[in-house]
Amino acid sequence: MTLSPLKWWQSGIIYQVYPRSFQDSGHDGVGDLKGVTSRLGYLESLGVTAVWLSPIFTSPMKDFGYDVADYKNIDPLFGSLDDFDELVREAHGRGLKVMLDFVPNHSSDEHEWFKEARSSRDNPKRDWYMWRDPAADGGLPNNWKSFFGGDAWTFDAHTGQYYLHQFVSGQPELNWANPEVRREMADTLRFWMRRGVDGFRVDVFWLLAKDPDYRDEPRNPEWRPGQPEHNSLLHVYTQDLPVTHGYVAEMRSALDEFEDRMMVGEIYLPIDRLLTYAGTPEAPECHMPFNFHLILTPWNAADVRNLVDEYDAAVTASGSWPNWVLGNHDQHRFATRVGRPQYRVAQTLLLTLRGTPTVYYGDEIGMEDGSIPPERVVDPAALGQPDVAAAGRDPERTPMQWDATPHAGFTHVGAEPWLPVAENFTAVNVAAQEADPGSDLNYFRALTKLRQGSAALTAGSYRSLDTGTGTPMQQGATALTGGSFQNVRPGTGVFGFVREAGEERVLVLLNFGAEDAVLNLPELEGAQLLLSSHAGASSGVLRGNEAQLWRVG
Ligand code: NOJ
């Protein structure tokens, strides 16, 4: 099999840069575009294919750029349109694709459209947003909640109506039922594609449509006090409404006016609902609906295997293309979630599964959540929560750890980084790991090199091995039916699978437990070791927390 029929976003690896935290070229403690451009050589050395930049547009930064005040300009904090053009030019010169973060569901309340909309009830832009009269008793129009806590409505005293926002009040929801809004958004995509942008990550795609009757959402019977308030409702009138598919298909048509562009949609839904956002061959929607299920699934071999089997089968049946994510700017760092010992197992899984991997900046060196003192918390999702330090997304957004100098080389020594650098930066940083052939960084590079050079790993089929998953494993060495593994620890286990394209077959073995596992696999006979997470790998034994890749005959 050759790779040529695959598009770049299928065979490639996406790398997410959170620009505020990547590299500051100035002295203000906030990363910027020139900073990213200066690090393109590093990105190239990682063997990734595309760089996705979290929002860089003009914004008052109430939600750190996910509140856009001008969709066609760059925020001065990050630089200028010229800086952006230079970044695209330089990236393309190195063979890297550039993806932007597109935020169509809501703008900033400082966007000119919203300023006009709120100026009077009969302003032509009024209907670009979602306005409702107060209830008969003068209260809220309905019971809808914000993801960040509290109600989804803010009263505008000047015009006597409430406007809808599912995040902070500075993020009024655009009215996607209005064709003018949709036209403007499609035009925005064209604006950036003309500037050379190769693709888009689209924010909260499954939230675009709302119930035209604004009905109350039913209570979630499983919700318990203390859990996020947003979860107290079943979101049947604000999420995944059928009409959304038409909106997504319209955006797709705009993309298809240009050659070889793509969009990946942020969608948190069960697998069967998620895959509907890929559309059909006749009416295509997202090139890839983001698959976040690895983040949401308990970290053990049985559950992960079940997930991968289920997702792979569903993707195959739907004729769409798979993808996998382990981390992003909204989720705790995966090295923290799965625990340090399992870090390489997780990284190996991400980079060997069938489907496009998305890597979050810093995960290639094993960055962990930073600890943020309460007075440094800035995430709007955390502010106002009872335990600000525990809530929120600042811990996974700390500055990139480049070296062991003050501020980890992220910003000028005299500047204050916008978030504190994680404490472990003197040990965990790029410079230290460059120098160490056995480092996480070089392990990551070895994985991307193997993947990028292998038809089996990029394009091949997936087949999991029968490890007896689903039957409880017992304490003590247990020969499992199917004859594949002996496993010595319950609840953790070994996950093994084969990727195959033409003559090439790669066996991936992942030990989710801390104990050694003895393997009795026919596939291992005459197999050639490609890579192991631990030095000195041997055939037939998978040490605790070890990942192995084998070329099999
Ligand atoms: C999803 C983004 O990933 C998150 O960071 C943001 O706060 C919300 N959408 C609102 O745009």
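All ligand and atom numbering here is 1-based and tracks the order in the structure. Residue indices begin at 1 and follow the sequence shown.
Looking at Phe205 against ligand 1, nothing comes within 4.0 Å, counting heavy atoms. If you look at Arg397 next to ligand 1, the close heavy atoms, those under 4.0 Å, all belong to the side chain. Contacts with ligand 1 closer than 4.0 Å are made by no heavy atom of Gln166, backbone or side chain.
Ring orientation note: the planes of Trp192 and Phe57 are tilted relative to one another, at an angle of 30° to 60°. Ring-plane geometry between Tyr18 and His329 is classed as parallel, the angle between the planes falling under 30 degrees on a 0 to 90 degree scale with a further cut at 60.
Nearest non-hydrogen protein atom to atom 5 (O) of ligand 1 is Asp330 OD1, 2.8 Å. In terms of protein heavy-atom proximity, atom 6 (C) of ligand 1 is nearest to Asp63 OD2, 3.3 Å. Looking at atom 2 (C) of ligand 1, its nearest protein heavy atom turns out to be Asp203 OD1, 3.1 Å. In terms of protein heavy-atom proximity, atom 8 (C) of ligand 1 is closest to Phe167 CE2, 3.8 Å.
Judged as a salt bridge (Lys or Arg N to Asp or Glu O under 4.0 Å), and not counting sequence neighbours, Glu90 has no contacts. Partners of Arg215 under the side chain to side chain contact (heavy atoms under 4.5 Å, CB included) rule, at least two apart in sequence or in another chain, are Asp211, Asp213, Tyr237.
Geometrically, Arg20 engages Trp418 in a cation-pi contact defined by less than 6.0 Å to the ring centre and at most 45° from the axis.
Per-residue contacts place Val204 under 4.0 angstrom from the following atoms of ligand 1 (heavy atoms of the residue considered): 1 (C), 9 (N). Near Arg393, meaning under 4.0 Å from any of its heavy atoms, are these atoms of ligand 1: 4 (C), 5 (O), 6 (C), 7 (O).
Trp9 has its side chain out of reach of Lys97: every pair of non-hydrogen atoms, C-beta onward, lies at least 4.5 Å apart.
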